[in-house]
Protein chains: 2
Amino acid sequence: MSTLDQPRPRRVTITDVAREAGVSVATVSKVINERYGVSESTSEKVLAVIDQLGYQSSLIASSLRRKSTRVIGVLVAEFEPYSAELLKGISAGLDSTGYELLAHAGSTGVHNHSGWERRSLSRLGHTLIDGAIVVTPSMIITDETTIPVVAIDPHTGPDGPMTVDADNVTGARLAVDHLVGLGHQRIGFLGGRPDLRSAALREQGYREALHAAGLSVSPDLIRVGGYRPELAEAPARELLSLPDGLRPTAIFAANDISAIKVIEVAGSLGLRVPEDLSVIGFDNVPEARDATPPLTTVAQPLHEMGRAALGLLLELLEGKETERHLRLPAELVERSSTAAPSSD
Amino acid sequence: MSTLDQPRPRRVTITDVAREAGVSVATVSKVINERYGVSESTSEKVLAVIDQLGYQSSLIASSLRRKSTRVIGVLVAEFEPYSAELLKGISAGLDSTGYELLAHAGSTGVHNHSGWERRSLSRLGHTLIDGAIVVTPSMIITDETTIPVVAIDPHTGPDGPMTVDADNVTGARLAVDHLVGLGHQRIGFLGGRPDLRSAALREQGYREALHAAGLSVSPDLIRVGGYRPELAEAPARELLSLPDGLRPTAIFAANDISAIKVIEVAGSLGLRVPEDLSVIGFDNVPEARDATPPLTTVAQPLHEMGRAALGLLLELLEGKETERHLRLPAELVERSSTAAPSSD
DNA sequence: ATGAAAGCGCTAACAG
DNA sequence: CTGTTAGCGCTTTCAT
């Protein structure tokens, strides 16, 4: 009963169809691709055999020969909440464009983490996919030899590929303004992945908001988190282990996943959220609402961003001139993880 | 500046590397795949050239030649909330297995809707992917010529591929018991996709719960929904347009997406949820919590189901004997869309 | 209208 | 240890 008992069943190939129909492979290929120059009767016969044998052309084999495949790739490091939301948006926009979607999780294991998208791009590009949407790339994609690409939440650095992102500065200001409005004075910042532009912009927004409120920016209250729970834990603990009076009464975490980790660490330290500590995140992934307490955050329009990236890519593929950079608005979503600081 | 200005840049191939390094393609291939029998010095030289040229082997080309690719496919009709959650679970389980993940959205447009997974399987199987997890297949996968497959939320019918699903009967009973416990007597059922086993089992649970509560099952209160918002609207409207006294005071929808549509239709009909109508769903996708009011539902352990499916598939690929069918528990999640029926 | 043949980029015998 | 030679399944000239 094991799969290995019998010699792995062979797939039905174009050759099988040709033999069965008594024509050449070339003819079958023409029928499949509706090429000009094949008689009605032959065509029908071939189609019948195809149906009977349940033949489907191999995407791989035809990709190798053709220049275009009409499939667009979504390249992510892994399928976590952020990329999953984008994927929903991209998928929704795909409806009747005639393109198929292939999403690839490229970052296998810990090694070769950085540069996964260059690797995916090389391995899939020029053959399997016509263009790609890459999510939070780990480096600048600027190689002239790659296929058309649009990046979502792009890498820092000089002008690279086309990009789609949210208004991170304004979003961060919204977050901090909210905290300030609540009466917080010592507001900590748990940063994101230093190589991503979004992380830098969110920190910038944090600083601007503090200045605007006449509060000083203290390096003691700023830590690097890295957007991932494992990377956020230690710095969160540092921040929350500061002595009373120095410890921040609120923390703005650069993304929701980190913010949720902050809540967790606070709990382990005996701090109640929001009574003893206010926490605010960024992104508004579904998980933010599931947190205890539900996380106040800054929402990025993830679905729209995915859809927009797809739109840009499609225009690029059709050779149209388009915007090189699209920025969508972010907005505050108040839930229960933020409150006025306790006055004692 | 358009992509079309210059002749589409060619990718770096193994031939380029071979030429540049002054060796044969075969040698380069051996170096890449760490085959036995290449001198230290040659290997180093080749590696250097590879690095310098930024060469990456084409997944497509090597797939075509090899029997195994070490990539597993996740086949979905589209990336909606349900499959997105599964994807997160699958991705999490992939960590250090050495496999890559390729998720394919196969149902393009309205045509060729049914049978998309057979199509995807044929197009990707035997070449690009070693095995596949297919989500809510639209038909039974039983063809002996396909690659190893495990289905999540499988199709009805005789024993097909390996499967993972939630305990749909118990889950449905939980839902209806909850409604009955609240005091409801006329409980409507908005069914799912008739071809999926889950839809049949949820209806079975609905009937069982009603019987157990000594309530009669009325065909008037049962409609087919199809698991999709477009398909749920009309039957929902029918159910809610029944005259007072016949109209159900509560509706159990076979999935969350349909339940959310029921809430919407209720609103358009001037019915308040939960005051005039209780609504309960199934799945507990993230969107359920975002509904207004937040949806009471039966949770499937989606992440775990994805992870379990991956585990099964991996064992299958390694030729191990395993469970053919895995069933995970479902549980009630009370939120605000259900309440006691109004007594007037 | 049809088929023979070349070749996409790569791997796998098999010689040398 | 290295290179030559066949293909993998398909599309595409180019003859016929």
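In this text the structure is predicted, and so the values were computed from the model without any measurement. Numbered from 1 within each chain, the chains take letters A, B, ... in sequence-line order.
What you find for A:L313 and A:P148 is that their closest heavy atoms are CD1-O, 3.7 Å. Here the shortest heavy-atom pairing between B:L128 and B:S63 reads CD2-OG, 3.9 Å. Here the closest non-hydrogen pair linking A:I90 and A:L310 is O-CD2, 3.5 Å. A:D130 and A:T69 make their closest contact through OD1-N, 2.8 Å (heavy atoms, listed as atom of the first residue, atom of the second, distance).
Put simply, the residue from A:R118, A:E117, A:R193 that forms a side-chain hydrogen bond (donor to acceptor under 3.5 Å, both in side chains) with A:S138 is A:E117.
We find that CD of A:E34 is positioned 12 Å from P of D:dT11, with the value rounded to whole Å. Atom-to-atom, NE2 of B:H126 to C1' of D:dC10 comes out at 17 Å; the value is rounded to the nearest Å. Nucleotide C:dA1 holds its P atom 15 Å from the NZ atom of A:K45, rounded to whole Å.
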- request: Mark up nucleotides 8-16 of chain C, 5' to 3', with B wherever a protein heavy atom is under 4.0 angstrom from a base atom, S wherever such an atom reaches only the sugar-phosphate, and - elsewhere.
  value: BBBBB----
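Look at B:T42 and you'll find a side-chain N or O under 4.0 angstrom from OP1 or OP2 of D:dT2. A:T27 has a side-chain polar atom (N or O) that falls below the 4.0 Å cut-off from OP1 or OP2 of C:dG3.
Counting only distance, with no hydrogens or angles, the side chain of A:R197 and the backbone of A:H155 share a donor-acceptor pair below 3.5 Å.
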